[in-house]
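For clarity, every value in this text was computed on a predicted model and none was experimentally measured.
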Amino acid sequence: MSHPRHIAIIMDGNGRWAKKRMIPRTVGHVKGAATVRKVVQACVRAGVSHLSVFAFSTENWRRPPEEVRKLMDLIVQYLQKELRDLQESGIRLRVIGDRASLGPELCGWIERVEQVTQNNDRFHLTVAVNYGGQWDILQAMRRWQAERPDQCLDDLGPADLSAYLSTADLPDPDLLIRTGGEARVSNFMLWQMAYTEMFFTDVLWPDFSEAHLQKALHWYGQRVRRFGRTDEQVAAEMPAMAQRKA
Ligand code: IPE
Ligand code: IPE
Ligand code: MG
């Protein structure tokens with residue numbers, strides 16, 4: 001059974017988790033942050049090497065200001081609390097997204113954690129903060145062009161653009177998990193997910209557990225990734241798959 005190298009997660013459902021309990025939405029976010037910690041550990045145990053989590057989208061600024069503030073505070077707290085464990089576990093943390101509108105405290109912590117963990121390579125955790133797939137594609141095109149004022153966009157190919165995305169150092173996600181029951185990508189890694197397998201579950205993010213992760217991994221193992229080719233072509237290249245299909 002094949003295994004994803006890179007899992008991307010849209011952590012959705014914190015608000016509904018809280019609403020069901022008649023407690024403030026922000027309590028759902030606190031519980032959601034604790035789930036991130038557990039899922040990182042579960043991914044390490046499962047032999048996955050890369051995990052990317054969507055923490056705050058470019059559209060989430062539309063939420064009530066108190067909720068936005070709480071989410072930003074929680075991200076700062078996560079970085080502060082986890083730094084030591086990340087370091088001890090050999091985890092490299094990266095933050096992707098537009099930092100221009102993030103506060104100085106958050107930016108300071110992002111820089112600190114990225115710098116301290118930069119030589120770790122046991123596991124790669126990427127946190128998307130003020131991230132949007134559309135933003136990522138545009139900033140990549142702009143940077144590519146800025147470095148080549150004499151070239152025109154006709155010269156820009158997919159690999160050139162990938163090299164300027166905020167995920168340039170990472171493999172594309174093999175598996176996307178979205179909790180919370182919606183089947184949409186909500187502007188996550190649009191370019192990078194061209195061939196990602198997508199697993200949607202009704203489980204609300206604060207309830208997401210190692211057993212749910214295992215279920216997603218099992219589901220992923222059943223997928224045939226054709227990348228545009230036929231089943232027969234794929235089977236010819238992978239004897240194990242040919243056996244399974246027989
Ligand atoms: C996900 O949970 C967290 C963020 C988007 C930051 P939500 O807050 O979107 O939870 P629901 O969708 O309202 O239940
Ligand atoms: C997606 O969740 C963004 C994050 C998980 C950070 P949303 O709850 O913001 O998505 P929509 O608005 O329902 O699509
Ligand atoms: Mg939501």
Side-chain angles (χ1 to χ4, degrees), residues 4 6-40 42-43 46 48 50-72 74-75 78 95-98 125-137 165-167 170 172-223 225:
H6 183 178
I7 299 181
I9 303 186
I10 299 176
M11 314 183 284
D12 197 18
N14 295 351
R16 279 162 285 163
W17 182 90
K19 196 170 179 190
K20 273 202 321 196
R21 287 161 179 78
M22 295 191 293
I23 52 180
R25 292 177 59 83
T26 49
V27 181
H29 297 316
V30 172
K31 188 77 172 49
T35 304
V36 175
R37 185 188 161 84
K38 285 189 274 179
V39 170
V40 168
C43 282
V48 173
H50 294 71
L51 172 69
S52 297
V53 294
F54 203 5
F56 192 92
S57 74
T58 46
E59 289 70 36
N60 286 145
W61 295 106
R62 297 172 184 157
R63 294 193 177 199
E66 325 77 81
E67 181 167 344
V68 169
R69 211 171 308 121
K70 181 69 189 175
L71 285 164
M72 293 297 165
L74 273 172
I75 297 166
Y78 179 86
V95 174
I96 56 169
D98 186 359
L125 173 63
T126 301
V127 182
V129 183
N130 194 19
Y131 179 88
Q134 293 174 343
W135 164 82
D136 205 1
I137 294 166
L165 292 172
S166 57
T167 50
L170 308 169
D172 285 341
D174 301 298
L175 169 64
L176 169 77
I177 298 173
R178 181 171 184 144
T179 60
E182 309 292 355
R184 55 178 174 244
V185 291
S186 299
N187 201 12
F188 200 21
M189 300 180 174
L190 300 178
W191 178 279
Q192 298 87 334
M193 295 204 298
Y195 266 102
T196 300
E197 303 293 333
M198 299 189 177
F199 182 86
F200 299 102
T201 170
D202 289 338
V203 174
L204 303 173
W205 177 248
D207 292 327
F208 193 78
S209 67
E210 184 154 17
H212 296 121
L213 177 73
Q214 289 298 339
K215 202 168 155 192
L217 289 172
H218 181 79
W219 175 87
Y220 176 85
Q222 309 295 310
R223 309 274 66 77
R225 303 191 73 190

Let me confirm one number: the [atom1]-[atom2] distance from [X] to [Y], rounded to the nearest 0.5 Å.
| X | Y | atom1 | atom2 | result |
| --- | --- | --- | --- | --- |
| Lys215 | Leu213 | NZ | CG | 12.5 Å |
| Leu165 | Leu170 | CG | CG | 10.5 Å |
| Phe208 | Met11 | CZ | CE | 11.5 Å |
| Phe54 | Ile9 | CZ | CD1 | 13.0 Å |
| Ile10 | Ser186 | CD1 | OG | 5.5 Å |
| Thr196 | Leu190 | OG1 | CG | 10.5 Å |

What are the two closest heavy atoms between [X] and [Y], and how far apart are they?
| X | Y | result |
| --- | --- | --- |
| Val48 | Pro4 | CG2-O, 3.9 Å |
| Ile75 | Ala55 | CD1-CB, 4.3 Å |
| Trp17 | Gly28 | CE3-CA, 3.8 Å |
| Leu204 | Gly13 | CB-O, 3.8 Å |
| Phe188 | Ala128 | CE1-CB, 3.8 Å |
| Gln214 | Ala46 | NE2-CB, 4.4 Å |

Legend entry - Val30/Leu74 under side-chain contact (heavy atoms from CB on, under 4.5 Å): CA gap, chis, key distance, verdict: CA-CA 7 Å; Val30 172; Leu74 273 172; 4.0 Å; yes
Donor-acceptor check, side chain of [X] to backbone of [Y], threshold 3.5 angstrom: yes or no?
| X | Y | result |
| --- | --- | --- |
| Arg225 | Tyr195 | yes |
| Trp205 | Gly32 | yes |
| Arg178 | Arg184 | yes |
| Asp12 | Gly181 | no |
| Arg37 | Ala33 | no |

Inset, instruction - Applying side-chain hydrogen bond (donor to acceptor under 3.5 Å, both in side chains) between Tyr131 and each of Thr167, Asp98, Thr58, Asp136, report the one that passes. - result: Asp136
Hey, does [Y] have a side-chain heavy atom less than 4.5 Å from the side chain of [X]?
| X | Y | answer |
| --- | --- | --- |
| Ile96 | Met189 | yes |
| Val36 | Val127 | no |
| Ile177 | His212 | no |
| Met72 | Phe56 | yes |
| Trp219 | Leu175 | yes |
| Pro24 | Val27 | yes |
| Ser209 | Lys38 | no |
| Met193 | Met198 | yes |

Legend entry - Inter- and intrachain pairs under salt bridge (charged side-chain N to carboxylate O under 4.0 Å, His left out), touching residues 198-210, at least two apart: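 Qualifying pairs, neighbours excluded: Arg45-Glu210.
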Inset, instruction - Would you check, one step at a time, whether the test side-chain contact (heavy atoms from CB on, under 4.5 Å) holds for Asn187 with Ser57? - result: CA-CA 8 Å; Asn187 201 12; Ser57 74; 5.8 Å; no
Inset, instruction - Verify whether one side chain among Trp191 and Asp172 offers a donor that lies under 3.5 Å from an acceptor in the other. - result: no
Inset, instruction - Scan side-chain atoms only and decide if His29 and Thr26 contain a donor-acceptor pair under the 3.5 Å cut-off. - result: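 No - no donor-acceptor pair under 3.5 Å links their side chains.
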Inset, instruction - List the steps and the verdict of side-chain contact (heavy atoms from CB on, under 4.5 Å) for Arg25 and Arg63. - result: CA-CA 12 Å; Arg25 292 177 59 83; Arg63 294 193 177 199; 3.1 Å; yes
Legend entry - Glu182, CD atom: more than 12 neighbouring heavy atoms under 6.0 Å: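 It does: Glu182 CD has more than 12 such atoms within range.
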Legend entry - Test side-chain contact (heavy atoms from CB on, under 4.5 Å) applied to Thr126 and His50, step by step: CA-CA 8 Å; Thr126 301; His50 294 71; over 6 Å; no
